[in-house]
Protein chains: 2
Amino acid sequence: MVDVLALKKLALLGAIHAPVKLSTLDFAKHIQASPQTVSRRFQSLERKGLILRRHMPGGQMVSLTQKGVDLLKKEFSEYRQIFEFKAKPCRLKGRVITGLGEGQYYMSLDGYVKQFVKILGFRPFPGTLNIKLDEDGIIERRKLNGGIALHGFKSHQRTYGGGHVYPARLGRIKGAVVIPERTHYPADVLEFIAPINLREKLGLKDGDVVEVRI
Amino acid sequence: MVDVLALKKLALLGAIHAPVKLSTLDFAKHIQASPQTVSRRFQSLERKGLILRRHMPGGQMVSLTQKGVDLLKKEFSEYRQIFEFKAKPCRLKGRVITGLGEGQYYMSLDGYVKQFVKILGFRPFPGTLNIKLDEDGIIERRKLNGGIALHGFKSHQRTYGGGHVYPARLGRIKGAVVIPERTHYPADVLEFIAPINLREKLGLKDGDVVEVRI
DNA sequence: ATTACTAAAAGACGAGTAA
DNA sequence: TTTACTCGTCTTTTAGTAA
C-alpha cells in the first residue's frame, strides 16, 4: 500500500534510469524511517517484482523493473487525469437496441466484475444496455480517451480481451461506458453498464432515445 | 501517510471540482477497504484540513480544500519530475571564494536543516561552499529549473526566505546547490552544500577551480 | 439507510542483535 | 560498515454495535 510512495522516491533518486547505490541508512533518511523499515520495504518491493537489487560492499544497487515503472506511470496518469482533464462533458445520444446477449455473459465473469468493482465502486448488473448511436455520437465515441484500463485475462483455456471504462451517467443513473479493444467492434454501438437493471428501472424498450454523459 | 492515496481517489471522483456525494460504503469499494476505515480516513483527512464534509441523508458531500489540492499538486509535480525530466547534465564551473559567513548561520537553522534532510537524505555540514561562477556558469545557473522547493519559515519574529535545492555533485561528493529566492541575490555565486566539510575534506582554498554537476 | 464508537486481530515499526 | 532477523510495542484494520 505504501510501497508506491517508496518506489516514487527511488525513481526520484534516479533508479528509474539506472541502478542507484543506496544503503538502507541512506534511504531511511529519504523516507524518514529506520534502516530496518527500509530493509523490509526493499524486500517487499523486490518480492512484488517492482525493483531489482544487487548487493555491494557498502550498500546495494537498486533499480526499478519495468513493472515498477509501469506502476508509477499508472499513478502519473491518474494525476494527469486530475489536473489536465479539460471539463468537456461529452454527450452521446442513441437508441436502445437489443444486443446478442454477450454483455450478460461477460458481465458475469469474475475476472471483469472484480475490476469493475475496483474502478467504479459498484458491482454492475449482469447485462449491458446496448445503444445504437446517432451520427454525432459515433464521432464523439471515437474521440473518447483517458478511460480507465480494463485488463484482459485468461481462464479455462480462453482469453478474454481488455478494454477501457468511462464512468458516465444515463439520466441520473451513475454507470459506465465500456469500450472493448476488440479491433472489429462496431463503432456505432455503445455498451452501458450500471449497478441496476436499466431496462426495468427506467422502463426502457428498443427504440427509446437515451443520452449518455461522460 | 496513506491519506494521500485516498485524497487522490477523491480527486479522481471529482471532489477536486465540486462536492461529491459519497457514503462510507461507496468509497470503501473504491479504495478496497471497510466502511469503518473510510469513516476514520475521512475524519483524518478532515482533521488535517485536506477535505470538507457535509453530512446528508444517505451519505455526505465531500470536497477537497485548497490545502488538499496543493498536496496533490506537489505529488503531481514529483511524478512530472520523474517522467518529464530531460537528462541534461548541467555543469557549472567556478572558483572557490569566501562568503560572508551567512551560509554557516542559515545551515544551522532547524527550519532549513529538517527540509534538507528530507529532500537530500543527509544532514548538511553547517556551512556552504561559495563558488564564483565563470561566464558560462552564470548563464547556466539562470537556466536551472525543476529544483525542489525549500520553504521559508518564521521564527522568533524573523522571516526566513525560501528557495530551491538542486541535488548535485562536486567531484565525487554528493551534495546540492541551494538557490535562495531572495530577489537581489548575486547571480554569479553558487552555494554548494554537502554532508561534510568540503574545504577540509578536499583541501580546497580560495581561488581553486571546481566544477559542480547538476 | 447512514456514521462512528469500542474491542480484538492484524500489520508495521524500530531496538537489539547476528552474520 | 553492511543486511536482515527476532521481538516487544505501537498503529491500523475490521467486526460488532450504538446512535
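Below, all heavy atoms of this structure are taken into account, side chains as well, without hydrogens, waters or symmetry copies.
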Interatomic distance, A:I31 CD1 vs C:dA12 C1' [rounded to whole Å]: 12 Å
Tell me: CG of A:L25 to C1' of D:dT1, nearest whole Å? 11 Å
Who are the salt bridge (charged side-chain N to carboxylate O under 4.0 Å, His left out) partners of A:R213, not counting sequence neighbours? none
Run the ring pair (Phe, Tyr, Trp, His ring centres under 6.0 Å) test against B:Y105 and tell me which residues pass, sequence neighbours left out. none
With sequence neighbours left out, write down each residue that passes ring pair (Phe, Tyr, Trp, His ring centres under 6.0 Å) with B:Y112, or none if nothing qualifies. B:F153
Those residues that, when tested against B:K8, pass side-chain hydrogen bond (donor to acceptor under 3.5 Å, both in side chains) (two or more places apart): A:E75, A:E78
N or O in side chain of B:R53 less than 4.0 angstrom from C:dA4 OP1/OP2: yes
Could you check whether A:S23 gets within reach of a base, just the sugar-phosphate, or nothing at all, counting any heavy atom under 4.0 Å? sugar-phosphate
What residues, two or more places apart in sequence or in another chain, satisfy salt bridge (charged side-chain N to carboxylate O under 4.0 Å, His left out) together with B:K48? B:D3
Has A:Q43 got a side-chain N or O lying under 4.0 Å from the OP1 or OP2 atom of D:dT3? no
In whole angstroms, the gap separating C1' of C:dT2 from CZ of B:F42 amounts to 13 Å
Using a 4.0 Å cut-off on protein heavy atoms (strictly under), produce a 5'-to-3' string for nucleotides 13-19 of chain C with B for base contact, S for backbone-only sugar-phosphate contact, and - for none. BBBB---
What is the distance from CZ of B:R54 to C1' of C:dT2, rounded to the nearest Å? 16 Å
Any residue of residues 56-65 of chain B with a heavy atom less than 4.0 Å from an atom of DNA chain D: none
Would you kindly give the CZ-to-P distance between A:R47 and D:dT3, to the nearest whole Å? 17 Å
Expressed in angstrom and rounded to an integer, what is the separation of B:F27 atom CZ from C:dT3 atom C1'? 16 Å
Cation-pi check, B:R80 to B:F76: give yes when NZ or CZ is under 6.0 Å from the six-membered ring centre and within 45° of the ring axis, no otherwise. yes
Can you name the residues that form a side chain to side chain contact (heavy atoms under 4.5 Å, CB included) with B:K67, not counting sequence neighbours? B:L50, B:T65
Over 60° means perpendicular and under 30° means parallel, so tell me whether B:Y166 and B:H164 are parallel, tilted or perpendicular. tilted
Only pairs at least two apart or in different chains count here, so list each ring-ring contact (aromatic ring centres under 6.0 Å, His included) that has a residue in residues 192-214 of chain A. none
For DNA chain D, which consecutive runs of 3 or more Watson-Crick or G-U pairs (each distance under 3.5 Å) count as stems? C:2-19 with D:2-19
Sequence neighbours left out, what passes salt bridge (charged side-chain N to carboxylate O under 4.0 Å, His left out) with B:R123? Give chain and number order. none
Please list all pairs meeting ring-ring contact (aromatic ring centres under 6.0 Å, His included) that have one or both residues in residues 22-43 of chain A, counting only residues at least two apart or in different chains. A:F27-A:F42
